[in-house]
Amino acid sequence: MSFHIAVLISGRGSNLEALFHASTRPDSAFKISLVLSDKSSAGGLQFAEQNSIPTLVVPRKPKEQNSQTFNQALCDALLPYKPNLVVLAGFMRVIDANFIHTFNGHVINIHPSLLPLYRGLDAQAQALDAGAKESGCTVHYVTEEIDAGPIVAQAVVPILAGDTAEVLSSRILKFEHQLLPAVVNAIARGDIALVRTESGSRIVINKVLDNFKLEGGRLIRSA
Ligand code: GRF
């Protein structure tokens with residue numbers, strides 16, 4: 001299989017697990033060639049090692065390194081693997097313009113809200129604090145501005161009376177585990193493409209995913 005991805009994590013790695021399980025299905029269009037973390041304690045690294053996926057740790061030491069130096073170290077670590085796509089799956093560091101440019105814009109992220117709502121940390125708690133009736137998850141291409149890049153696909157998840165941030169997070173997470181592998185497979189097959197334009201780049205959806213609708217140039221799965 002020629003399309004391979006690098007997955008960047010900082011924590012437990014449940015989205016990594018979902019990607020791995022999807023990648024082992026006979027109809028998968030991608031495989032994972034590397035898991036990279038900024039934290040040696042990230043639970044997802046163990047999962048990767050148990051499943052014979054190469055791992056790397058690129059730590060960022062506060063005060064010793066600026067963001068630019070750290071991003072260059074990330075690029076240096078990733079480049080030999082020549083990933084077709086870099087997937088941020090709970091990677092808690094800011095990616096810079098040089099990183100994005102190095103991988104020709106082929107960098108995606110999963111975020112636990114319906115962007116552009118509730119960017120940044122604790123998105124599920126932000127949705128509850130806002131009194132929202134629904135939230136969800138978003139896969140988007142990464143740009144310099146955090147959680148603000150072009151949106152590819154979203155799954156809408158209801159918020160129920162009495163939800164805590166933990167309960168809502170786990171309800172959203174189940175949809176993340178479906179959405180992220182579905183989008184990666186679609187990108188690997190060319191059903192979703194990032195096309196260069198004179199003013200930058202734009203997303204083209206060549207085929208709508210099962211159970212999704214095309215709305216405003218993005219794929220939406222309703223609750
Ligand atoms: C997920 O909720 C993801 O949307 C966010 O960070 C969390 C990572 O969870 N960016 P996991 O490490 O994949 O379990």
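Keep in mind the model is a prediction, meaning the values are calculated, not measured. Counting starts at 1 for both ligands and their atoms, in listed order.
Geometrically, ligand 1 and L16 share no nitrogen or oxygen pair separated by less than 3.5 Å. When only interatomic distances are considered, the shortest N/O to N/O separation between N109 and ligand 1 does not fall below 3.5 Å. In terms of polar-atom proximity, defined here as any N/O pair under 3.5 Å, R12 does make such a contact with ligand 1.
Under a 4.0 angstrom heavy-atom cut-off, I110 registers as being in contact with ligand 1.
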E17 and R12: salt bridge (charged side-chain N to carboxylate O under 4.0 Å, His left out), yes or no, with the steps? CA-CA 9 Å; E17 291 189 33; R12 85 195 136 181; over 6 Å; no
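Atom 3 (C) of ligand 1 has E176 OE1, 3.1 Å as its closest protein atom, hydrogens excluded (heavy atom only).
With G11, G90, G13 as candidates, the residue nearest to atom 12 (O) of ligand 1 on a non-hydrogen basis is G13.
Side-chain atoms of D96 come within 3.5 Å of backbone N or O of N98 as a donor-acceptor pair. When atom types are taken as modelled, the side chain of R202 and the backbone of R196 share no donor-acceptor pair closer than 3.5 angstrom.
H106 places none of its side-chain heavy atoms less than 4.5 Å from the side chain of V86.
The aromatic rings of F91 and F70 sit parallel to each other, their planes meeting at less than 30°, with 60° as the upper class boundary.
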